[in-house]
Every structure is written in structure tokens, then in C-alpha cells.
There are 2 protein chains.
Amino acid sequence: MATAEAPGFRPLYIQVKDLLIKRLVSGDWRPGQVLPSEIKLADEFNVSQGTVRKALDEMASVNVLVRRQGKGTYVAAHTHHRALFHFFHLIGEDGSRVLPESRVLGTRHRGATRKAAERLSLAPGAPVVIFDRVRSLDGRPTVFETIVVAESMFPGLGRPPRDMLPNTVYEYFEQEYGVTIVNAVERVRAAAAGKREARLLDLAPGAPLLVIDRVAFGLERRPVEWRLSRCDTSRHHYLSEIE
Amino acid sequence: MATAEAPGFRPLYIQVKDLLIKRLVSGDWRPGQVLPSEIKLADEFNVSQGTVRKALDEMASVNVLVRRQGKGTYVAAHTHHRALFHFFHLIGEDGSRVLPESRVLGTRHRGATRKAAERLSLAPGAPVVIFDRVRSLDGRPTVFETIVVAESMFPGLGRPPRDMLPNTVYEYFEQEYGVTIVNAVERVRAAAAGKREARLLDLAPGAPLLVIDRVAFGLERRPVEWRLSRCDTSRHHYLSEIE
DNA sequence: GAGTGGTCTAGACCACAGC
DNA sequence: CTGTGGTCTAGACCACTCG
């Protein structure tokens, strides 16, 4: 290490970070596991502890790692808590957060539509797996959700014995396929409920729905999942914190 | 400095940060101005440069300061760019970001409703200033917005010669009143357009609208503004980035 | 007590902006 | 050339966790 190049100038701690991410992606360390201590990593990479620290801090700041004083640095794992506080933004009027129950309506294997291909950076027609499900809050159907992923990234998904989808999808992706979701972009709009949506969500056709179009990205910043959520926001709202 | 207490244990750099924020709030340094260099601040506070650096970095990470290598550390100022990229989330289908033109419909001075009081942490009935305006994107009316602030925080606002509201409100708050908005919480939902909304936005009554209920906070983390935006999202969408 | 991350220091050198 | 922030190092000490 300790080599600086002419053109780019990549700081050491960035290089260390890249190496660490490579090892995460390769599965050297699994979610929930503890990394070697700062000192050991510094020795291994032949840099100072402070440099390793800066790399680890950056990764912790984007929730890829979790640091615990006195214990160690852990690979962040998708838990119910994380699903609830980072990736599920529908909350009650009183501010309560509850993960909805999910009921899968059906699973299809198709070629990617033009839109799906665009969202997932695939070739049109590339094989994808599609799930439809209804999620209920307080026992009432509240979200009608369509989830699309590339079959190439999740072989066997949606076929026995993997034909069911658990409630917390990202946890499942991580544990079964080693695919970790780290961030997402959501496009939100209001639309009138169609017949199917109205029936599934127990609403009148034409009722206003909040439509969330989400693309979720993995550790390497490539799109992994496309999700369309149509939400009845008469008893909940979508929370967005800006700073 | 350099004193540590028994109960709390406040790291030095946090104490430095608190002092810096105090001086920002008091108006010692105005938005857009340069702070003293790290070395000078370190001398002043009798701490090392690294400690000042950590305090400054934290403030930069929440957009209170802006650091420019080779130049200095600046107090973040609300600019059109910041309004556009941090506080305005309606973007076109192609991803284009445009700040809408605004037309103020009216200004009222009232006592805070129960809801306004709750949002702004005021006593019910406390004097507030209310603006209604319509914002247009691409020449089409797209957002009907109601803005509520406490009169005590903005004396004279909405009365001559300050009876008009510029397009970029936070810039105005900052320059005219020294009140800096640093973060906000938005509650988003879908609702059907009422008669007035439909008329103002050139829609059919009952058309689905995106309703954004925003509370914006100042440097001291106290609520400053409550804003209700009803948006026609047929040609735009609300963008939310999660990580 | 041993080991971990967290804070603080002091100093060297690098990249960048501007005179 | 000077001054700024950015990187990197080495070492000391503190707070926390656990056996």
C-alpha cells in the first residue's frame, strides 16, 4: 500500500474502504459477524490505525457497518428494526411505526417489461420474478405491492422450495442469496385507485392512493429490486426526513 | 476548556461544536461568511486542530457549514441551489429539477389553530402569519401551498413593506430575519382535491393530490415553519432518497 | 484485567486556491 | 509563495464490555 498515483489521487482510507467492501461483497464477512479489530486491520493493510478508522467510520455512516464501543465492528444485518426504521416509511397519525403483515397473492416468472428493464438496468425481456402482495396494518389491507427482481440475481426464487416470500424481503435476500440492500430511491405520487387496487384495499374505485416507485440498490450500488407500492394513506402517512 | 465532568462526559469536540453553534445563532458569523481557520479556532478554544476539525466536519455533514479545500470553512447559506436540491422534492419524469414560479394569493394574520400550534410548538391562539400561494411548473399551476409561521419569530412579516413573499422563502427568512432552516420533516399522503384546490390547480374535483405536511426546523432545532403543499403529481413526482 | 472502539494531541506532508 | 482544508502517522489516554 502507501502508493499514490499521478492521475486520480485516491486517499489511502478510500483504498482501504474499497478493499473492505470487496471483501464484504465476496462474502468473507457475513452480516452480523464481527470484523477484525482496527489494529489488526491496520497491520494487515500496512496503514495506521487512524486510516483504518476513517474507512470504517465512513462505512458505518452509510449503515454498511455497525460499530460498538468495547465490542467491535460488525457487518450490518437487515433486521426487523432496520426494515422498520430505514425502509418502511408508512407510519400512523400518532407517529407509531408498525411493520405490516404480508399476504402474497401470486408469483410470476416473465420477461422484463421495458420499464422493469430500465429500473433494474436489465435488457428488455431478461427473466424476472414478480411478486404481488397485500400488506395489512392494524388488520386492514393498506398496501398493494408489486416486487420485481432479476432471476439471474436470485436463482430459484419464486419456485419450490423457495416459492414463498417472507415479510421482510431484504433480510431474506441477505440470508438466502448474500445480497445486501444498502440504499434506495423512491418516487412518490398520488393516483386514483383502479378496480383491482380498490378491491384489494377495500376502497372505492377512484380513491386517492399514494404510489411509491422504489428502486433498491446493493453494496456495489447496482439496482437489485424494483417495487411498486400503492398505499391507502387515509390512516397512515409517508414520512420523509430532510436534513 | 479541557475539563471533563463526572456525570455526562461530553467529548471536547462536542463542546466546541456547541460553542460554534451558539456563535452562529447569535449572528457572530452570517451565512456565506468565512469562519476563522482551524488553527485559529484551535488556539482560541485551547484544543488541538484535530478536535476543531472533528467539530467542523460534523457541522458540515449536516449542511450547517460548507468546507472548501484551499479556501476555508463557510457558513452555509440558503441559495436557489440548496432550495432546489435539499428542500424541493418535486421533479419531472425525466429527473429534471426546476424551482417553480410562485404567485401569492393572500396573506392573513390569525391566531394559531390547534393543529398549527401543535406543529409549531406554540400556544393555541398565538399570533401567526399565513400565506397561500400557487406554484407553477412549466407554466402550469402544480402546487397549492399554505405557509404558517409564528409572528413572534418574524415581526412585521406579511405587512407593508414586507407584505410580499419571495419565491425562495428560506433564503428570505435567513437574510431578513437571521433565521436559518437546517432540516425538515415531511408527512406525505394522497387525498382527493377539494373544490378550491381543483379550481386553483386546474383539475377536476376529486382528482388525486399529493399532500405534503412539512415542519421546518432552525439551527436550534426548534420548529420555524409549517407548510401544507397540495401537489398535482400527474406530471411530476416526489423524490425520496433512502440510505 | 484485557481488548475494543472513542477521544485528543502533535506534527508532517499533500492538494487546492489565489495572490 | 502562502494559507487553507485534507490526509496520514504515532502515541497516549478514556469509556465500554466481558470474562
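Chain naming here is simple, since letters A, B, ... match the order of the sequence lines and numbering starts at 1 in each. Just so you know, these numbers use all the heavy atoms, side chains as well, and skip hydrogens, waters and symmetry mates.
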Could you list the residues that satisfy side-chain contact (heavy atoms from CB on, under 4.5 Å) with [X], not counting sequence neighbours?
X: B:Asp28; value: B:Arg23, B:Ser26
X: B:Leu84; value: B:Phe88, B:Arg97, B:Leu99
X: A:Gln69; value: none
X: A:Arg119; value: A:Lys115, A:Arg187, A:Asp213, A:Val215, A:Trp226

Can you tell me the distance, in whole Å, between the [atom1] atom of [X] and the [atom2] atom of [N]?
X: A:Arg68; N: C:dG6; atom1: CZ; atom2: P; value: 11 Å
X: A:Ile39; N: C:dG5; atom1: CD1; atom2: C1'; value: 10 Å
X: A:Glu38; N: D:dG11; atom1: CD; atom2: P; value: 16 Å
X: B:Phe9; N: D:dC14; atom1: CZ; atom2: P; value: 10 Å
X: A:Arg53; N: D:dA10; atom1: CZ; atom2: P; value: 16 Å

Measure all distances between protein nitrogen or oxygen atoms and nitrogen or oxygen atoms of nucleotides 17-19 of chain C, and list the pairs falling under 3.5 Å.
| from | atom 1 | to | atom 2 | distance (Å) |
| --- | --- | --- | --- | --- |
| C:dG18 | OP1 | B:Lys71 | NZ | 3.2 |

Quick one: is [N] close enough that its OP1 or OP2 comes under 4.0 Å of any side-chain N or O from [X]?
X: B:Lys40; N: D:dG3; value: no
X: B:Thr51; N: C:dT9; value: yes
X: A:Tyr13; N: D:dC8; value: no

Requested in this report: Among C:dT7, D:dT7, C:dA10, find the nucleotide with the atom closest to the side chain of A:Lys54.
Outcome: D:dT7

Requested in this report: Measure from the side-chain heavy atoms of B:Ser37 and tell me the nearest of C:dG5, D:dA10, D:dG5.
Outcome: D:dG5

Query raised in the report: CD of B:Glu44: more than 12 outside heavy atoms within 6.0 angstrom?
Result: yes

Using side-chain hydrogen bond (donor to acceptor under 3.5 Å, both in side chains) as the criterion, list what pairs up with [X], not counting sequence neighbours.
X: A:Gln49; answer: A:Glu38
X: B:Arg68; answer: none
X: A:Tyr170; answer: A:Arg214, A:Glu225

Requested in this report: Starting from the C-alpha separation in whole Å, work towards a yes-or-no answer on salt bridge (charged side-chain N to carboxylate O under 4.0 Å, His left out) for A:Glu243 and B:Arg221.
Outcome: CA-CA 11 Å; A:Glu243 58 101 30; B:Arg221 303 276 157 173; 5.1 Å; no

Report summary line: Residues in residues 57-67 of chain B with a heavy atom under 4.0 Å of DNA chain D, by number, are B:Arg67

